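If you're wondering where the values come from, they're calculated on a predicted model, not measured in any experiment. Residue numbers start from 1 in every chain, and the chains themselves are labelled A, B, ... in the order their sequence lines are given, proteins ahead of strands.
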Amino acid sequence: MNSSSEKKNNLEQIVSLAKRRGFIFQSSELYGGINGFWDYGPLGSELKRNVREVWWRYIVHGREDIVGLDAAIIMNPKIWEASGHLGGFSDPMVDCKICKKRYRADQLCEEQGSQLIGDGKRWKMPENVSCSNCGSKDLTEPRSFNLMFKTFVGPVEDDSAVAYLRPETAQAIFAQFLNILPTSRKSVPFGVAQSGKSFRNEINPRNFTFRSREFEQMEIEFFIRPDEAVELICGKVTTLADNPDLEGEPQDDWGWEVWHRYWVEQRFAWFRTIGLPADSLVERVHSKNELAHYAKTCVDIEYAFPFGIQELEGIAARGNFDLTQHQKFSSRSMAVMDDKLRIAVSEMNDAAKEAFRQKTVANWVQDGKSEEEATAFCNLLFEGRYIPHVVEPSLGTDRLVLALICNAFDEEEITDAKGKKEVRTVLRFHPSVAPVKVAVFPLVKNRPELYDKARDVFKKLNRYWNCFWDESGAIGRRYRRQDEIGTPFCITVDFDTLEDDTVTVRMRDSMEQTRVPVSDLRDFLEEAMEL
RNA sequence: GCGGGUGUAGUUCAAUGGUAGAACACCAGCCUUCCAAGCUGGCCACGAGGGUUCGAUUCCCUUCACCCGCUCCA
């Protein structure tokens, strides 16, 4: 998509263009800014809105097995206890008082063959641990950073009123699972999608909007059957080793591994539809020790930002951890009834059930779980019920917007008719995300009949797309202004228009022009935008 | 959080212990028959606070923000 000129977008150039053209401003700039917060200007808000909308259309409207949710940002704090965000996820840190180096306390201890002392809230360093940089034992006490923003609900600021701004959108999906299930008339496998703000009090926001304290996510929780249920229903569980067809419709016999891979492929395919070329994206599989203890696997889709290759979206297989936690903390059963499972089980005799139970218990015990747990799970299955497992594709909206700007940014050297070289700055957005889709110009503005005709065309198109009107300056200048904000199509009304009712459509990327009858404009543009 | 760098107009960049300048952009007008044309006019800045000084955008201190490296990233 980009011209041959090697892409060394340094970030400052992007930041400058983003500001100059009204994409992204520093938050509160009037008062010196505030670290970790950014605002989207007139064009940025259009771009971001388009990204959200294209995602929603593709994920929620485009599929029959996903429904939407728009939950509150502030929720009952118990949710964060259940999810683990209040406790274990804040990493204890120590600093060396001598050389000022900072460590994750647990990692430093482990490195030196000892164990961090603590209960998940308060921590203490073991005696013999020293700074691995300078050897000093003069370390600070381990401090936990809880990255959730805290606030108070209601007029009284005491402990009972404490609440948190959500650090991810996903938990609301689990917390509302029991409401969504009956009202959506969906059954497993199905998913719930949510897009919205999240907040993390990052220790060190960095890299423009990439790591912000207030940010937006587009998350899906896709609920699937546990593999054991799949086996009972289908008599087998398809794994990646079976080489399943991931481009067709999802199949009942898919195990979690296939579902996870399917979602990775789905997400890659979607990125391509909004103009991120395959070769700009990198797939990174999390190593075992990066994984949260409950996660089965996690794949990041990364983009080559000017400041390095960094995560856009993570697709995690989280088992039934979250629903199980909420079941435990809320005392409400998160098990679903699965009719296909119920029917399959009703056809089994006792011997078959016992054989299945023994196999399952053996497998679970091998995985370090208790026999009791496994038996309870089997009993639930024999009733046709289970707690669904989940695959979670979680995308950073602001990160994607930034990636789209970086990807679109191009400085093209062109030679004009007189042989003079100049640089054309152009944002090569895919039309589906471009903030302005169409610009309309009168060739000159001091001829009323031309001007009025152009206004008519503008008003006609403005009903369908975000259009831009520009009458000032020479026509070439107006084209270039649109190039710089990434408008894919410019329409010029000229003197021929008055004769034959056709206009010039000028393409952003090629700068080519074609004449199109006004009556065909809508269809013509519609088609051109699909690319 | 540590180290380094930067902060002057919307952007990119000058200069200066005493009146802050340009280019581009933007706005208005004239002109303009397809790729940043021309003319006229206009708008807009020393990140914030304190100190030194007769006087500070300039020197000093503090602070805020951004960039780079480290660190961190449920």
Side-chain angles (χ1 to χ4, degrees), chain A residues 10-22 25-38 41 80 83-91 93-96 99-104 107 133 140 143 145-148 167-168 170-171 198 200-208 210-211 290-295 298 306-308 310-311 314 316 318 394 396 414-418 420 422-426 441-447 450 471-484 490-498 503-506 508 511-513 515:
Chain A
N10 74 52
L11 187 56
E12 296 200 33
Q13 228 178 334
I14 304 272
V15 174
S16 160
L17 176 80
K19 179 173 187 188
R20 183 156 39 90
R21 286 300 177 181
F25 307 128
Q26 199 181 359
S27 166
S28 326
E29 197 196 59
L30 186 60
Y31 293 100
I34 177 166
N35 187 277
F37 299 88
W38 300 90
W80 309 115
S83 71
H85 287 84
L86 258 180
F89 285 129
S90 52
D91 301 317
M93 314 281 290
V94 287
D95 293 311
C96 171
C99 73
K100 308 285 185 199
K101 210 161 158 59
R102 165 174 289 184
Y103 302 94
R104 282 256 305 262
Q107 287 177 352
N133 183 46
T140 62
R143 288 165 297 168
F145 289 92
N146 189 291
L147 298 188
M148 281 195 293
E168 59 172 45
Q171 285 305 319
S198 292
R200 294 179 194 180
N201 201 356
E202 296 286 350
I203 297 166
N204 190 3
R206 270 313 254 293
N207 295 328
F208 197 26
F210 183 82
R211 174 165 295 115
E290 275 181 274
L291 287 176
H293 64 279
Y294 49 80
C298 185
F307 44 82
Q310 297 276 344
E311 177 188 354
R318 294 170 67 90
S394 168
I414 55 173
T415 311
D416 68 15
K418 294 171 198 133
K420 210 177 84 188
E422 57 176 10
V423 172
R424 181 171 83 114
T425 301
V426 46
F441 316 138
L443 185 58
V444 293
K445 72 170 169 184
N446 56 359
R447 298 292 153 78
L450 247 192
E471 61 186 44
S472 80
I475 193 76
R477 173 186 295 274
R478 285 180 263 167
Y479 285 145
R480 296 302 172 79
R481 282 200 277 245
Q482 295 305 312
D483 289 342
E484 215 179 18
C490 293
I491 290 172
T492 301
V493 170
D494 60 17
F495 291 94
D496 289 349
T497 311
L498 302 175
V503 292
T504 304
V505 179
R506 181 265 196 185
R508 175 195 65 201
M511 297 198 287
E512 277 165 12
Q513 308 184 342
R515 283 204 81 87

Nearest 0.5 angstrom please: [X] [atom1] to [Y] [atom2], how far?
X: A/Arg447; Y: A/Leu498; atom1: CZ; atom2: CG; answer: 10.5 Å
X: A/Gln310; Y: A/Arg206; atom1: CD; atom2: CZ; answer: 11.0 Å
X: A/Thr504; Y: A/Asp496; atom1: OG1; atom2: CG; answer: 7.5 Å
X: A/Met511; Y: A/Ile414; atom1: CE; atom2: CD1; answer: 4.0 Å

Next item on the list: By nearest nucleotide on RNA chain B, pick out whichever of A/Pro205 and A/Tyr31 is the more 5' one.
Entry: A/Tyr31
Next item on the list: Name the residue closer to the 5' end of RNA chain B, choosing between A/Ser16 and A/Pro167 according to the nucleotide with the nearest heavy atom.
Entry: A/Ser16
Next item on the list: Scan A/Phe441 against the nucleic acid and name what it touches under 4.0 Å (heavy atoms): base, sugar-phosphate only, or nothing.
Entry: nothing
Check: With sugar-phosphate meaning primed atoms plus P, OP1 and OP2, does A/Gly36 contact a base, only sugar-phosphate, or nothing at under 4.0 Å between heavy atoms?
Finding: sugar-phosphate
Notebook entry, point to check: So, does A/Arg478 use its side chain to make a donor-acceptor pair with the main chain of A/Gly473 at under 3.5 Å?
Noted result: yes
Notebook entry, point to check: Backbone N or O of A/Glu168 within a donor-acceptor pair of the A/Arg200 side chain at under 3.5 Å?
Noted result: no
Can you confirm whether [X] sits close enough to [Y] that some side-chain heavy atom of one is under 4.5 Å from a side-chain heavy atom of the other?
X: A/Asn35; Y: A/Glu202; value: no
X: A/Thr492; Y: A/Thr497; value: no
X: A/Phe441; Y: A/Cys490; value: yes

Nearest to the side chain of [X], which nucleotide is it out of [options]?
X: A/Asn207; options: B/C67, B/U11, B/C68; value: B/C68
X: A/His85; options: B/C67, B/A74, B/G1; value: B/A74
X: A/Glu12; options: B/C67, B/G10, B/A65; value: B/C67
X: A/Glu484; options: B/A36, B/C66, B/G69; value: B/A36

Next item on the list: Let me have a per-nucleotide readout for nucleotides 25-35 of chain B, 5' to 3', with B, S or -, counting only protein heavy atoms under 4.0 Å.
Entry: SS--S--BBBB
[X] [atom1] - [N] [atom2] separation (whole Å):
X: A/Phe37; N: B/C66; atom1: CZ; atom2: P; answer: 11 Å
X: A/Ile203; N: B/C2; atom1: CD1; atom2: P; answer: 13 Å
X: A/Phe210; N: B/C72; atom1: CZ; atom2: C1'; answer: 13 Å
X: A/Glu29; N: B/A9; atom1: CD; atom2: P; answer: 10 Å
X: A/Phe25; N: B/U11; atom1: CZ; atom2: P; answer: 10 Å
X: A/Leu11; N: B/C66; atom1: CG; atom2: P; answer: 12 Å
X: A/Glu202; N: B/U71; atom1: CD; atom2: C1'; answer: 13 Å
X: A/Leu17; N: B/A36; atom1: CG; atom2: C1'; answer: 15 Å

Expressed in whole Å, how much space separates the [atom1] atoms belonging to [N] and [M]?
N: B/G3; M: B/A74; atom1: C1'; answer: 28 Å
N: B/C13; M: B/A9; atom1: P; answer: 11 Å
N: B/C59; M: B/A23; atom1: P; answer: 27 Å
N: B/A22; M: B/G41; atom1: P; answer: 13 Å
N: B/U40; M: B/C31; atom1: P; answer: 16 Å
N: B/U58; M: B/C68; atom1: C1'; answer: 26 Å
N: B/G17; M: B/U57; atom1: C1'; answer: 10 Å
N: B/A25; M: B/C72; atom1: P; answer: 46 Å

Next item on the list: Determine whether the aromatic ring centres of A/Phe208 and A/Phe307 lie less than 6.0 Å apart.
Entry: no
Notebook entry, point to check: Stepwise, does the side-chain contact (heavy atoms from CB on, under 4.5 Å) test hold for A/Gln482 with A/Arg506?
Noted result: CA-CA 11 Å; A/Gln482 295 305 312; A/Arg506 181 265 196 185; 5.6 Å; no
Margin query: Does a side-chain N or O of A/Ser83 approach OP1 or OP2 of B/A74 to a distance below 4.0 Å, or not?
Written below: no
Next item on the list: Convert the base pairs of RNA chain B into dot-bracket notation, remembering that pairs crossing earlier ones are written with [ ] and that bases paired across to another strand are shown as |; include only Watson-Crick or G-U pairs under 3.5 Å.
Entry: (((((((..((((....[..)))).(((((.......)))))....(((((..]....))))))))))))....
